[in-house]
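The basis for the numbers below is simple: all heavy atoms, side chains too, and nothing from hydrogens, waters or symmetry mates.
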Protein chains: 2
Amino acid sequence: MIKNVWKLPLRISNSTKNNGFPVTKYWIHSQPNFTKNNFNIKRGNFSHVEEEHLYFFRKLLGESRIITDLSDLEKYNVDWNKHLRGASTIVLKPKTTEEVSKILSYCNNNRLAVCPQGGNTGVVGGATPVFDEIIVSTELMNKVINLDEKSGVLTCEAGCILQNMDEFLQQKNLIFPLDLGAKGSCHIGGNVSTNAGGLRLLKYGNLHGNVLGLEVVQANGTVLDLLSTLKKDNTGYHLKHLFIGSEGTLGLVTKVAIQCRLRPKSTHVAFLGLQNFNQVLKTFYKAKQDMDEILTAFEVIDTPSMELANEKLGLGSPIGDYPFYVLIETTGSNEKHDEEKLDGFLQTCLNKNFILNGTVTGEVSKYKAIWEVREKLPQGYIKDGFVFMYDMSFPLENYYKLVEDLREHMGSLSHRVFGFGHLGDGNIHIQISVKEFNQDVANHIEPYIFELTKKYNGSISAEHGMGFLKAKYLNLMKSQESINLMKNIKQMLDPNGILNPYKVLF
Amino acid sequence: MIKNVWKLPLRISNSTKNNGFPVTKYWIHSQPNFTKNNFNIKRGNFSHVEEEHLYFFRKLLGESRIITDLSDLEKYNVDWNKHLRGASTIVLKPKTTEEVSKILSYCNNNRLAVCPQGGNTGVVGGATPVFDEIIVSTELMNKVINLDEKSGVLTCEAGCILQNMDEFLQQKNLIFPLDLGAKGSCHIGGNVSTNAGGLRLLKYGNLHGNVLGLEVVQANGTVLDLLSTLKKDNTGYHLKHLFIGSEGTLGLVTKVAIQCRLRPKSTHVAFLGLQNFNQVLKTFYKAKQDMDEILTAFEVIDTPSMELANEKLGLGSPIGDYPFYVLIETTGSNEKHDEEKLDGFLQTCLNKNFILNGTVTGEVSKYKAIWEVREKLPQGYIKDGFVFMYDMSFPLENYYKLVEDLREHMGSLSHRVFGFGHLGDGNIHIQISVKEFNQDVANHIEPYIFELTKKYNGSISAEHGMGFLKAKYLNLMKSQESINLMKNIKQMLDPNGILNPYKVLF
């Protein structure tokens with residue numbers, strides 16, 4: 001048993017060993033096919049953008065806030081994973097709620113379909129057009145409206161970038177209750193619209209709990225002022241929740257009020273090596289028992305995920321190779337207490353053989369280096385050939401079962417089947433990498449993977465939403481009565497169906 | 001400066017001094033008038049319960065689960081405050097979701113109005129009939145369906161009593177994320193339907209964040225299975241939130257899945273005396289800074305509230321008389337750490353003259369005795385003549401302003417104007433006691449109090465809901481666009497308006 005590794009300097013590996021898998025750029029990465037051609041899907045009965053529409057938009061926004069140049073449109077038409085490619089011919093960049101209202105009202109009256117877009121960082125195609133929807137980008141709606149430093153309530157426009165907000169809050173000794181890998185480009189409005197989960201949910205809870213208020217523009221241009229900044233407000237139906245997680249299909253979020261928190265005074269990160277998944281679970285339960293109130297993140301990474309970080313990113317385990325890795329972050333108000341709790345917990349885990357090895361640090365540069373391994377995994381796997389990506393959640397006892405089943409199911413059809421994620425929230429990101437996209441392989445994976453998820457009482461989308469790619473599987477997860485109600489709500493709020501068509505309910 | 005009071009034995013006062021205010025039983029307490037006669041309100045166009053309906057219900061439930069005896073109906077017809085009195089002639093007690101479904105379907109087809117009722121502990125008349133609505137009580141739907149001890153997810157029927165659930169969870173080392181004064185009789189389904197806030201919200205967040213899933217019966221009898229038990233599930237619209245806080249007007253909650261937490265190993269309660277409200281705020285901000293992660297409750301009590309506890313309940317301040325009192329609860333995983341944090345915080349507050357005196361305890365019997373003073377206040381004030389009660393929330397800097405304004409505004413018209421509540425959540429309960437109900441006094445209070453609440457950027461219902469009593473003021477708080485959407489939702493889910501009429505949107 002190795003007891004003395006704690007507080008050792010980190011050994012971040014720079015090894016870039018290649019296991020023979022060719023590092024090639026596939027078409028899918030540089031120039032995905034048009035989604036409308038790749039998928040068997042019919043364009044809705046919407047108008048096409050014509051000169052008269054352009055005239056209206058130019059008059060409203062001016063030439064500088066409209067994009068029609070094909071190459072400039074590229075980054076708005078292609079999704080982050082480069083799996084999907086819309087055929088939109090126009091991006092609109094409103095600066096105000098009033099402009100958004102006028103755009104939607106006009107589009108509604110003229111039966112023009114709209115794709116609301118934030119940072120376009122989604123991985124299920126929720127923010128990328130499918131046909132020629134008009135892209136309404138929130139990127140110029142990026143102002144902080146108010147920060148109440150005492151209460152921690154931030155009110156900002158929907159296009160504010162998550163990382164910018166967190167840096168702004170840092171100056172005021174506050175922290176955003178949400179953090180995720182795409183923070184450098186994702187928009188708050190997009191986070192809200194997808195009910196993003198991320199890395200801090202274990203401590204701070206979800207957006208339904210943290211969002212205090214919203215301003216939303218309905219499909220017909222009506223502005224809904226739901227922008228309460230109070231922690232408790234039980235006056236009438238709690239309408240804001242309709243727009244949290246409905247992926248821009250019910251309204252376009254223009255402003256957000258959110259409960260931020262005091263920035264913790266102390267942060268520690270431990271990186272642990274474990275023998276098997278059963279020990280991962282034991283370690284998690286022990287962490288909850290010993291330090292529940294300071295436990296901010298409990299992330300798990302499996303061996304093939306780490307191999308991928310090594311091969312594609314030059315990142316690696318700082319403690320050598322183990323079957324499973326766990327990253328634990330604690331944050332609190334007292335450095336000494338947090339250290340004592342964490343050290344006591346780790347010592348117990350070593351003594352009980354829950355963990356085999358580990359390193360722990362309270363130094364910013366070091367814990368950021370450890371986090372980098374976990375956070376950059378998505379950047380690594382898009383280099384791993386073509387990757388089928390899934391975002392599942394399960395009861396903890398079933399958390400890793402699907403990965404194991406999939407490995408057996410795929411056999412030699414796949415290059416790598418790997419899983420990592422927010423174990424503390426039951427959320428695992430499962431990837432299957434293959435040399436290049438192949439429909440037969442796709443058919444071998446789906447719907448098998450979704451049916452198994454259901455069998456294990458899981459969700460086929462924990463935090464990414466249904467978007468375009470998962471929409472067709474909604475009926476696997478939800479009862480017909482629920483789907484009927486969803487459709488009625490959609491019909492009520494967007495009778496012409498102009499808002500983000502082909503998504504969620506399609 | 002008194003530094004040595006910490007850890008002194010509690011001195012719970014038993015003084016019952018009377019300041020001359022007559023302790024009389026008013027009509028309002030024993031036998032409130034019928035609401036339909038007291039308020040200018042017209043019965044909806046619903047059928048009256050007739051023999052053929054009774055025949056159906058008897059056949060469905062049997063004689064033993066139907067109440068039609070007038071004296072037995074009393075406790076279902078009269079609200080907890082004894083301000084309201086419905087004229088229902090029948091209570092139905094289904095045991096299963098299927099029975100609820102059959103009841104609602106039948107009522108919907110026969111245009112019979114329904115008042116869903118849990119523990120009937122609400123204070124705005126949300127759970128009490130107004131005319132002759134059929135009361136559908138959840139009191140026999142009181143089974144635990146499942147507890148996942150590892151994840152802390154409890155699934156139970158709507159009629160489970162909060163305190164029973166918390167005691168059940170205690171045996172499993174878990175804690176319910178909600179606590180409130182009425183816990184001995186309120187139902188989980190009612191808590192969810194009113195989005196109850198309570199005493200632990202500061203630490204565990206609100207029900208929108210903690211409820212994982214619901215089963216709901218719609219007005220037409222359709223059963224909606226939204227009973228997810230996963231922490232993260234972004235598959236389709238997040239429908240459950242429609243039913244959290246809509247006070248039984250959109251559907252009847254039959255089952256609840258909720259994220260419970262590990263029971264803390266250590267609990268401490270401090271009771272402090274302070275000079276003025278400004279010091280209360282300083283103490284709160286300091287508590288957040290020094291012990292954010294273990295701060296479970298920060299309650300404030302003003303002098304007249306404490307006088308009332310003294311006069312009507314024989315309870316009092318354990319530390320002598322001060323202009324303001326603060327009750328702080330901390331809970332955590334490490335007794336020693338929590339004690340150190342709390343002692344350090346208290347010492348700083350004394351040194352900075354934020355607080356004048358205080359006592360602190362980690363002993364169960366003692367901290368329960370301190371909590372009793374705060375928790376029993378509502379039982380005290382219903383003995384204080386007729387009491388106008390308000391449940392407001394404000395930005396913290398405005399938290400106590402309305403109480404001061406009201407004292408001046410009321411002058412000699414009122415006996416006592418007092419405020420106490422969950423300062424940590426911006427939530428204050430404001431009461432105005434008078435000798436007996438008087439419409440002129442009522443008109444002097446309302447709408448003045450609501451207009452001032454709006455001026456101070458507050459909410460006229462923080463955690464109690466709109467129910468019957470506040471419904472008419474909804475337009476003070478919400479925009480016409482929001483109210484229109486609420487009405488559309490109501491129309492969609494309950495086109496005949498049978499579910500809890502005269503409430504929320506009336």
Side-chain angles (χ1 to χ4, degrees), chain A residues 148 150-151 194-195 197 205-206 208-209 222-226 230-239 241-242 244-246 262 285 288-294 332-334 337 341 393 395-396 425-427 459-466 474 477-479 481-482 485-486 488-489 492 504, chain B residues 148 150-151 194-195 197 205-206 208-209 222-226 230-239 241-242 244-246 262 285 288-294 332-334 337 341 393 395-396 425-427 459-466 474 477-479 481-482 485-486 488-489 492 504:
Chain A
D148 182 331
K150 292 284 191 180
S151 67
T194 50
N195 188 32
N206 60 40
H208 283 285
T222 299
V223 178
L224 274 180
D225 176 4
L226 315 170
L230 297 164
K231 277 182 78 173
K232 287 182 170 179
D233 181 16
N234 274 355
T235 53
Y237 302 160
H238 297 223
L239 299 176
H241 299 281
L242 275 173
I244 301 176
S246 53
L262 271 189
Y285 296 137
K288 291 281 289 175
Q289 277 166 18
D290 286 3
M291 45 186 198
D292 196 19
E293 69 269 30
I294 60 167
S333 61
N334 187 306
H337 291 168
K341 284 192 183 84
S393 67
L396 287 180
D425 308 313
N427 181 190
S459 167
I460 64 167
S461 180
E463 57 177 10
H464 291 168
M466 304 304 275
L474 185 62
M477 293 301 302
K478 293 286 147 85
S479 69
E481 293 81 10
S482 296
L485 178 51
M486 291 181 200
N488 288 343
I489 292 172
M492 178 181 68
V504 187
Chain B
D148 183 331
K150 293 283 190 180
S151 67
T194 50
N195 188 33
N206 59 42
H208 284 285
T222 300
V223 179
L224 275 179
D225 176 4
L226 314 171
L230 297 164
K231 275 183 80 171
K232 287 181 169 179
D233 181 17
N234 275 354
T235 51
Y237 302 159
H238 296 224
L239 299 176
H241 299 281
L242 276 173
I244 301 176
S246 53
L262 271 188
Y285 296 137
K288 291 282 288 176
Q289 278 166 18
D290 286 3
M291 44 185 198
D292 196 19
E293 69 270 28
I294 59 167
S333 62
N334 186 306
H337 290 169
K341 284 193 183 84
S393 69
L396 287 181
D425 308 314
N427 182 190
S459 166
I460 64 166
S461 179
E463 58 176 8
H464 291 167
M466 304 304 276
L474 185 62
M477 292 303 301
K478 293 286 148 84
S479 69
E481 294 80 10
S482 297
L485 178 51
M486 291 181 200
N488 288 342
I489 292 171
M492 178 181 69
V504 187

Chain A contact via [X] - which portion, at a heavy-atom distance below 4.5 Å:
| X | answer |
| --- | --- |
| B/Y237 | both |
| B/L242 | side chain |
| B/M466 | both |
| B/M492 | side chain |
| B/K150 | both |
| B/S246 | both |

Find the one option among [options] whose heavy-atom pairs under 4.5 Å with chain A are most numerous.
| options | value |
| --- | --- |
| B/T222, B/L485, B/N488 | B/L485 |
| B/S393, B/S333, B/G209, B/G245 | B/S333 |
| B/D225, B/L239, B/V223 | B/L239 |

Parallel, tilted or perpendicular: ring planes of A/H238 versus B/H208, cut at 30 and 60 degrees: tilted
Intermediate values then yes/no, side chain to side chain donor-acceptor pair (under 3.5 Å), B/K232 and A/S459: CA-CA 8 Å; B/K232 287 181 169 179; A/S459 167; over 6 Å; no
Which of [options] touches chain B most, by non-hydrogen pairs under 4.5 Å:
| options | result |
| --- | --- |
| A/M291, A/K341, A/K288 | A/K341 |
| A/L230, A/L224, A/L396, A/N206 | A/L230 |
| A/H337, A/K231, A/E481 | A/H337 |
| A/L226, A/L262, A/D233 | A/D233 |
| A/G205, A/P395, A/G332 | A/G332 |

Contacting moiety of A/S151, where chain B heavy atoms sit under 4.5 Å: neither
For B/T235 against A/M477, the heavy-atom pair lying closest together: CG2-CG, 3.9 Å
Side chains of B/L474 and B/M486 in contact at under 4.5 Å (non-hydrogen atoms): yes
Atom pair CD1/CG of A/I294 and B/D292 - distance to nearest 0.5 Å: 13.0 Å
